[in-house]
Amino acid sequence: MRGFAANLGMLWTGLPLLDRVAAAAAAGFDAVEFHWPYDVDPDALRVAAADHGVALLGVNSPPGRLDRGELGFAAVEGAGEAFRAGIDQALDYCRAAGARAIHVMAGNVGAARRAAARPTFVANLRWAADRAADAGVALLVEPLNGIDHPDYFLCDVDQAAGLLAEIDRPSVSIQFDSYHVGRQGQDATAVFARFRDAIGHVQIAACPDRAEPDHGTVDHRAFVRAIAGLGYAGWIAGEYRPRAAVEAGLGWLAELRDVLRPDAQG
């Protein structure tokens, strides 16, 4: 695997974003990723990552108005202008910062509207993938569990894999989050194994409390060992809510690195 990343949308949130990059590097992470870093100058972010020796992974597409319940626009009928503007903003930011991927947020449509929203999502992802290809930026789509996000368009990995087959763009893959899969009551390892070829990025957190991935219903030592055995060669990002200070809960990082040692396999 390439290494472990810190999701700075959830870690060190009391610090300015550039200081979070420094904190992640000091804590031993190999890379960083973000939710919505658009208020920070992308050139400054690129320099901070280079200065601290961490890779810049991805950003989320703009969500819209969170206070209005918006969570992206890819599947939202009638929101094409907002969707395209958000993708262009994210692509411009990635180019300037040197980030490699965009998590394209699907949006809230309501469970009853998912089938009707499918053509909108497919068409928008095809458009975005073709536009991102020129910038060398990959696109990710992430199913969010239906307990925390009952109205979100993408609700499970099976649905996402079917959509990817219809979208038919090699630069679009699934962002697999062990927390969301576990929250649905599914076995994270089994789901990963079933859809391995469609998965481009992995995030982890404890289930059901979304804290450090060192407890809960998902055994992350077993999960990481299994996905390594299945040939996953990408990044694993910690996207969780720390129980206390981030540094106090980083034992999981050393434990999972230990799992990936060559002599620990098997």
Side-chain angles (χ1 to χ4, degrees), residues 1 33 57-61 71-80 83-84 86-87 90-91 94 100-146 149-204 223 226-237:
M1 292 188 195
E33 62 182 22
L57 301 186
V59 303
N60 290 353
S61 61
L71 207 57
F73 300 103
V76 180
E77 297 171 272
F83 171 76
R84 290 187 291 272
I87 291 298
L91 281 172
C94 285
R100 309 172 184 189
I102 299 169
H103 166 207
V104 180
M105 306 206 72
N108 291 321
V109 299
R113 294 289 302 164
R114 283 194 184 113
R118 186 182 183 103
T120 297
F121 184 79
V122 170
N124 279 337
L125 263 293
R126 286 174 175 167
W127 177 88
D130 292 342
R131 199 164 184 84
D134 293 336
V137 174
L139 301 184
L140 299 165
V141 296
E142 180 183 4
L144 306 184
N145 76 81
H149 301 280
D151 292 328
Y152 198 69
F153 172 74
L154 278 176
C155 57
D156 62 54
V157 178
D158 194 315
Q159 175 205 18
L163 285 160
L164 258 59
E166 189 172 346
I167 292 164
D168 193 25
R169 296 294 188 274
S171 63
V172 185
S173 60
I174 294 171
Q175 183 163 277
F176 182 100
D177 191 317
S178 67
Y179 165 76
H180 287 297
V181 174
R183 194 83 166 101
Q184 298 274 52
Q186 298 174 304
D187 182 299
T189 299
V191 175
F192 185 97
R194 183 180 173 196
F195 296 106
R196 166 67 192 92
D197 292 343
I199 295 167
H201 185 56
V202 171
Q203 296 176 327
I204 58 174
F223 173 72
I227 69 174
L230 289 166
Y232 178 68
W235 296 93
I236 296 177

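Quick note: residue numbers are just sequence positions, from 1.
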With a 4.5 Å limit on heavy-atom distance, are the side chains of [X] and [Y] in contact?
| X | Y | result |
| --- | --- | --- |
| I174 | P143 | yes |
| Q175 | D177 | no |
| Q184 | V157 | no |
| V109 | T120 | no |
| S173 | I199 | no |

Supply the atom-to-atom distance [X] [atom1] to [Y] [atom2], rounded to the nearest 0.5 angstrom.
| X | Y | atom1 | atom2 | value |
| --- | --- | --- | --- | --- |
| L71 | H149 | CG | NE2 | 6.5 Å |
| E142 | L154 | CD | CG | 9.0 Å |
| L163 | D158 | CG | CG | 10.0 Å |

Grab the two heavy atoms, one from [X] and one from [Y], that are nearest each other, plus how far apart they are.
| X | Y | answer |
| --- | --- | --- |
| I204 | S178 | CA-OG, 3.3 Å |
| R114 | D151 | NH2-C, 4.3 Å |
| A101 | V137 | CA-CG1, 3.8 Å |
| Y232 | H201 | OH-CA, 3.4 Å |
| L139 | A132 | CD2-CB, 4.0 Å |
| I227 | I236 | CD1-CD1, 4.1 Å |

Subject >> Sequence neighbours excluded, every pair satisfying ring-ring contact (aromatic ring centres under 6.0 Å, His included) that has a member inside residues 150-185 >> reply: F121-F153, F176-F192, F176-F223

Original post:
With sequence neighbours excluded, what pairs up with N60 under the side-chain contact (heavy atoms from CB on, under 4.5 Å) test?
Top reply: H35, W36, H103, M105

**OP:** Might you work through the side chain to side chain contact (heavy atoms under 4.5 Å, CB included) test for E166 and R126, ending with a clear yes or no?
**Re:** CA-CA 9 Å; E166 189 172 346; R126 286 174 175 167; 4.2 Å; yes

Original post:
Has the side chain of N124 got a donor or acceptor atom that lies under 3.5 Å from a matching backbone atom of A74?
Top reply: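 Confirmed, N124 side chain pairs with A74 backbone.
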
Subject >> CA sep, side-chain torsions, deciding dist, call: L125, V141, side chain to side chain contact (heavy atoms under 4.5 Å, CB included) >> reply: CA-CA 9 Å; L125 263 293; V141 296; 4.0 Å; yes

Sequence-distant partners of [X], side-chain hydrogen bond (donor to acceptor under 3.5 Å, both in side chains), two or more places apart:
| X | value |
| --- | --- |
| R196 | none |
| R113 | E77 |
| D130 | R169 |

Subject >> D187: salt bridge (Lys or Arg N to Asp or Glu O under 4.0 Å) partners, not counting sequence neighbours >> reply: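 Salt bridge (Lys or Arg N to Asp or Glu O under 4.0 Å) check on D187 returns nothing, list empty.
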
